[in-house]
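Quick one: the structure is below, and I'll ask about it shortly.
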Amino acid sequence: MMKYDVVVIGGGPAGLAAAIEAKKGAPEQRVLILERDQALGGILQQCIHNGFGLHYFKEELTGPEYAERFIEQLDGSGIEVFTDTMVLELSKDRRVLAVSREHGLIEIEAGAVVLAMGCRERTRGALNIPGARPAGVFTAGCAQRLVNMEGYLPGRRVVVLGSGDIGLIMARRMTWSGATVALVAELMPYSSGLNRNIVQCLTDNNIPLKFNHTVTQIHGRERLSGVTVAEVDPMTRKPIPGSEQMIECDTLLLSVGLIPENELTQGAGISISPITSGALVDERRETDIEGIFACGNVLHVHDLVDNVSEEATIAGRAAADYVKQGALSGPIAQVRTGRGVRYAVPQRVHAGGEGKLDLYFRVDNAYRGMRVQLRSGDQLLLDRKKQIMTPGEMEKITIDASKVTGDLELMLAEG
Amino acid sequence: MKSTEMTCILCPMGCRLMVTQDGDKIRVEGNSCARGQKYGVQELTNPERVVTSSIRVMGGQMPLCPVKTKGQVPKSSIDEVLHAIRASKAIAPVKLGQVLLANVAGTGVDIVATANRNAV
Ligand SMILES: Cc1cc2nc3c(=O)[nH]c(=O)nc-3n(C[C@H](O)[C@H](O)[C@H](O)COP(=O)(O)OP(=O)(O)OC[C@H]3O[C@@H](n4cnc5c(N)ncnc54)[C@H](O)[C@@H]3O)c2cc1C
Ligand code: SF4
C-alpha cells in the first residue's frame, strides 16, 4: 500500500493545475498525478490549433503549448507522476486502485483525491442513425488524434455532423490536409461553437453550414459511400419528409457533444447531477464524499481551457487544505437555477465565507439583452445586463462570499 | 464599389458587418463598436491568420510534431505555407519554440515547434 497526501486522477490541464496548486499550498505534502496515457497534457496534446490561454496567460497559445506551461512547472516541484497508469477503482475512504506498466497493480491510500478525468465524446451508438456500420464513421476527436498525432488522413470527402468547436476545427483541419468537406450539418438553429471558429474554419474555406439539419441515414457496407441529410422541424427536431438529400462522402465526423467520464466517481458512490453529468460540488469543488474533489471536464464540460485551469486551482488548493485542516463545517446554501439557466456550478456554497465567490453557469437558449439576477430570499445580490448569452459559452458572475446567508437562486429576467 | 458581408469575431456579439470599398475609402456598417470598424477594414484589405499544422519527425518517439507560424501570415498564403510544411521534415529531438522552417513560403514568418519531441 502506497500513501500520498493528495492523489490527482488524470494529467490533463485540470489535473496539472490542481496538483501544482496543491503543492504550492502545502509544500510538505506528497502529491501524486496518475495518468493513463504515456504523456501528460490530456486532450490538449491533439488540439494543435491556437486560441488557448487568452484569459489565463493573456497570450494566444496552441493546445500543446498551453499544456507545456504547466508540465514545465512540475520539474523540481516535488510532485510525483505515474504515467501509463490507469485508475480502476476509487472507494469512499479514498483508496485508489490502479494498474501501471511500471508498478503493476497498486493500491494507494490518499489523504485527499482530486478527480480530473476529463470527458469523452458521444458516439454514434448514442445517436442511433439507421444504416449498416461501415468504416469511415469517426468521432471528430478521434479523427483529430489520427490527423494531428499519427499523420493519418481518415478520408477524402467529408461530412461533419455537429457544429461545436471540435467539429468546426476538424472541418478546417481536414480541408488543410487535402480533403474536401462537403457540409457541416447542425441539428439546432444555432451553433454552439465560437463565431471565430465559424468564420476562420468554415467561411475561410468555403465550407457550407446548414442549421436545422441532421444525418438520417448512413450508406455503404464495408466503407461509407454517403449519408442522407434532412432538414428538421425547428420545433419538433424531427426530419421533414421530402427534404432528404443524399451526399456522397467516405467519411462522417461526429461532433455531437461530450460526456464527463464519471465511472470512477459513480463507483465511489458520489452523487452526480443529471444535468451536468458531473459530481455535485460546493464552492471548493468538494463532492458529497468528504475529501474527494472534482474539476475540469469531469465536473462539467468547459469550452475554454482557461476556465478549466482556474477551477482546478480551486480544487487543488482545497484538497491540500483538507489534508491539513479536515472538513469545513457550517451552514450550507443551495444554488438553485431559475428561468433560462440550465445549470450552475458550484451547486452549493458554505454560508459566510471570505473573499470572492465565482458562479459558473450556462443558459438554456440564445438570449439577447437579458438581465442575470442572483437572489437570496427577497434580496437581490446581483443584477447585470448581458448583451448576448448562448448555450455554447459558459458565463461567470462574481459576488462577495460573505453575502451568502441563505439559499441562492440564479435566473434571467427581461431587460 | 465593392461590398463584402462578414461577421466580426472580436467578441460574442458577432455583429454582421457590411464593408464597402469605394476608391480608397472604406466604409464599415453594422458594427456596434470601434473595434468592429478596425476589424472590417483589416479583413477587407489585408486578412491575416496564424497557421497551425504538424510536421514529420525523423527519429522521434512520435511520428509528428505540432507547429505554427510564429506570427500571422496573409490569408492568401495559407495553401503555400501548408504545402511547405508538408514537404519538410524535422529531426528529433525537437524543442518547443525551435525554428523548423525559416521565412516560410516567402512570408517573412518562421515555422516553430509547439511541443517537445524526444529522440528514440
Ligand atoms: C476531442 C476534444 C477536442 C477539444 N478541443 C478543444 C479546443 O479546441 N479548445 C478548448 O478550449 N477546449 C477543447 N476541448 C475541451 C477540453 O477537453 C478542455 O478544454 C480541457 O482539455 C479539459 O481538461 P481536463 O483536464 O478536464 O480533461 P482532459 O484534457 O480530457 O484530461 C483528462 C485526463 O485524464 C486521464 N484519465 C481519464 N481517466 C483516467 C483514469 N481512469 N486513470 C488515469 N487517467 C485517466 C486522460 O487520459 C486525460 O489525460 C476539447 C475536448 C475534446 C474531447
Ligand atoms: S463590432 Fe464590436 S460589438 Fe460587434 S462583434 Fe465586433 S467587437 Fe463585438
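Lettering follows sequence order; numbering is per chain, from 1. Values in this document were obtained by computation on a predicted structure and should not be read as measured data.
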Output the distance between atom CG (Leu183(A)) and atom CG (Leu209(A)), rounded to the nearest 0.5 Å.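 Between atom CG of Leu183(A) and atom CG of Leu209(A) there are 8.0 Å.
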Report which part of Met62(B) has an atom under 4.5 Å of a heavy atom belonging to chain A: side chain, backbone, both, or neither.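 Just the side chain, heavy atoms under 4.5 Å.
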What part of Cys65(B) gets closer than 4.5 Å to chain A, counting heavy atoms only: side chain, backbone, both or neither?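 Contact with chain A: none, neither part.
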Just by distance, which donor-acceptor pairs between chain B and chain A come in under 3.5 Å?
{"residue": "Arg49(B)", "atom": "NE", "partner": "Asp204(A)", "partner atom": "OD2", "Å": "2.6"}
{"residue": "Arg49(B)", "atom": "NH2", "partner": "Asp204(A)", "partner atom": "OD1", "Å": "3.0"}
{"residue": "Arg49(B)", "atom": "NH2", "partner": "Asp204(A)", "partner atom": "OD2", "Å": "3.3"}
{"residue": "Thr52(B)", "atom": "O", "partner": "Arg173(A)", "partner atom": "NH1", "Å": "2.8"}
{"residue": "Thr52(B)", "atom": "O", "partner": "Arg173(A)", "partner atom": "NH2", "Å": "3.3"}
{"residue": "Thr52(B)", "atom": "OG1", "partner": "Arg173(A)", "partner atom": "NH2", "Å": "2.9"}
{"residue": "Ser54(B)", "atom": "OG", "partner": "Asn148(A)", "partner atom": "O", "Å": "3.2"}
{"residue": "Arg56(B)", "atom": "NH2", "partner": "Gly151(A)", "partner atom": "O", "Å": "3.4"}
{"residue": "Lys68(B)", "atom": "NZ", "partner": "Glu65(A)", "partner atom": "OE1", "Å": "3.2"}
{"residue": "Lys68(B)", "atom": "NZ", "partner": "Glu65(A)", "partner atom": "OE2", "Å": "3.1"}
{"residue": "Lys75(B)", "atom": "NZ", "partner": "Asp204(A)", "partner atom": "OD1", "Å": "3.3"}
{"residue": "Arg86(B)", "atom": "NH2", "partner": "Trp176(A)", "partner atom": "O", "Å": "2.8"}
{"residue": "Asn116(B)", "atom": "ND2", "partner": "Glu68(A)", "partner atom": "OE2", "Å": "3.4"}

Counting only pairs under 3.5 Å, give me each side-chain donor-acceptor contact of residues 18-30 of chain B, with atom names and distances, residues two or more places apart or in other chains.
{"residue": "Thr20(B)", "atom": "OG1", "partner": "Ser3(B)", "partner atom": "OG", "Å": "3.2"}
{"residue": "Gln21(B)", "atom": "NE2", "partner": "Gly23(B)", "partner atom": "O", "Å": "3.4"}

Can you check whether Leu410(A) reaches Ile397(A) side chain to side chain, under 4.5 Å on heavy atoms?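 They are in contact (side-chain heavy atoms under 4.5 Å apart), so the answer is yes.
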Enter the distance from Ile9(B):CD1 to Ile198(A):CD1 here, rounded to the nearest 0.5 Å.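 One finds 11.0 Å between CD1 of Ile9(B) and CD1 of Ile198(A).
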Taking all non-hydrogen atoms of both residues into account, name the closest pair between Ala92(B) and Gly59(B) and its distance.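 Looking at all heavy atoms of both residues, the closest pair is CB-O, 3.5 Å.
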Is the shortest heavy-atom distance from the side chain of Met389(A) to the side chain of Leu412(A) under 4.5 Å?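 Answer yes - side chains close enough.
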Which distance, rounded to the nearest 0.5 Å, do you find between the CD1 of Ile111(B) and the CD1 of Ile85(B)?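 If I round to the nearest 0.5 Å, the distance is 3.5 Å.
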Heavy-atom proximity to chain A below 4.5 Å, by part of Ile78(B):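 Contact with chain A: side chain only.
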